[in-house]
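Below you'll find the structure, written out as structure tokens, and then a few comments.
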Number of protein chains: 2
Amino acid sequence: MSPHSAGWREVSRAAPVFAALGDETRLALVARLSSDGPLSITRLTAGSAVTRQAVTKHLDVLAMAGLVSDVRRGRERIWELELEQMEAAGAYLEHVSKRWDEALDRLKQFVEE
Amino acid sequence: MSPHSAGWREVSRAAPVFAALGDETRLALVARLSSDGPLSITRLTAGSAVTRQAVTKHLDVLAMAGLVSDVRRGRERIWELELEQMEAAGAYLEHVSKRWDEALDRLKQFVEE
DNA sequence: GCGTTATGCAACTTCATGGTTGCATCTTAC
DNA sequence: GTAAGATGCAACCATGAAGTTGCATAACGC
């Protein structure tokens, strides 16, 4: 696809979301939140293999992609999932799959003619 | 999540797929294939911003993640999408979303009691 | 056979990412 | 008000990923 054709914007929006999910530590954080609900940085760190600082960085990356958001509660910072972007990513995958099927249909049609 | 709790294997399977999709160039290749059908490396390179070698590397990454596969046809190598992994990724996203909703329900229940 | 086209291989550069440690700051609980 | 707990900030290191260039090889077309 050329950088100027239709669909480019979709790609450049979806990529950062997938990139954010494409790290085991981050995906584990997402999994942890999804099963246990909103959690503080310290609680997320306990149960992760890495440092609190590393967890903080990963949460920042997820936040940049719009996958999580945080709320201050006293001295702690509570993180929770933000499903919008995840649903958008899922929709994108479905879209790609559907177009692929159509492309194969066109190809089959072409071969048969 | 601890590295030994349930769900860890899912995470370590899903992460590489998302990682493969988390690059604009690669996602553009996927988009191109999905709209135009199976294509050779040269054809994929025309319409991409980068070198043929770069495209080849990206296709290799996508192949490692099980997202594409190739077939030789004479002197060219034809690449096509492999939807299985993409559908698995979509299913994973749905799973996470569902568990998050349930976690919020439990939380609400807990607060009300 | 020979030029052209399509791809493969390898070395190399650059830069972002994941991770760490050390110290500062801010809340909260007594 | 003071100690302990939760987080913020910054410097630093190591590795891998993305991209390039240059050359080698293999398959067509005529």
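Lettering of chains follows the sequences in order, A, B, ..., and the numbering in each one begins at 1.
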Please give, in whole Å, the distance from D:dA18 P to B:D60 CG? 12 Å
Could you tell me the separation between the CD atom of B:E76 and the P atom of C:dG8, rounded to a whole number of Å? 11 Å
Roughly, in whole Å, what's the span from CG in B:D70 to P in C:dA6? 17 Å
Should the pair B:E76-B:R73 be classified as a salt bridge under the 4.0 Å nitrogen-to-oxygen rule? yes
In this structure, would A:L67 and A:I78 fall into the same cluster of hydrophobic residues linked by side-chain contacts under 4.5 Å? no
Please tell me whether A:L83 and A:V61 are part of a single hydrophobic cluster in this structure, the criterion being side-chain heavy atoms less than 4.5 Å apart. no
Taking atom C1' of D:dT7 as reference, at what distance in whole Å does atom CD1 of A:I78 sit? 12 Å
Mind checking whether A:Y92 and A:V11 have side chains closer than 4.5 Å, heavy atoms only? yes
NA contact type, A:R43, heavy-atom cut-off 4.0 Å: base, sugar-phosphate, or nothing? nothing
Round to a whole Å and report the spacing from CD1 of A:I41 to C1' of C:dC26. 13 Å
When hydrophobic residues are tied together by side-chain contacts of less than 4.5 Å, even through go-betweens, does A:L21 share a cluster with A:M64? no
Classify A:R73 by what it touches in the nucleic acid, base, sugar-phosphate, or nothing, heavy-atom distance under 4.0 Å. nothing
Check whether B:T51 reaches the backbone of B:A54 with its side chain - one donor and one acceptor, N or O, closer than 3.5 Å. no
When you check the phosphate oxygens OP1 and OP2 of C:dT7, does a side-chain N or O of B:R72 lie under 4.0 Å from one of them? no
Is it the case that the base of C:dT5 and the side chain of B:R75 share a donor-acceptor contact (distance under 3.5 Å, atom types as modelled)? yes
Closer than 3.5 angstrom, by distance alone: can the side chain of A:R52 be matched with the main-chain N or O of A:T45 as a donor-acceptor pair? no
Do A:T42 and A:V55 come close enough that some side-chain heavy atom pair is under 4.5 Å? no
Could you run through nucleotides 15-22 of chain C and give me one letter per nucleotide, 5' to 3': B if any protein heavy atom sits under 4.0 Å from the base, S if only the sugar-phosphate is that close, - if neither? ---SBBBB
d(CZ, A:R77; C1', D:dG5) in whole Å: 17 Å
For the helix from C:dG1-D:dC30 to C:dC30-D:dG1, figure out the bend between the end axes, five pairs an end, and round to 10 degrees. 40°
Between the side chain of A:R99 and the main-chain N/O of B:S34, is any donor-acceptor distance below 3.5 Å? no
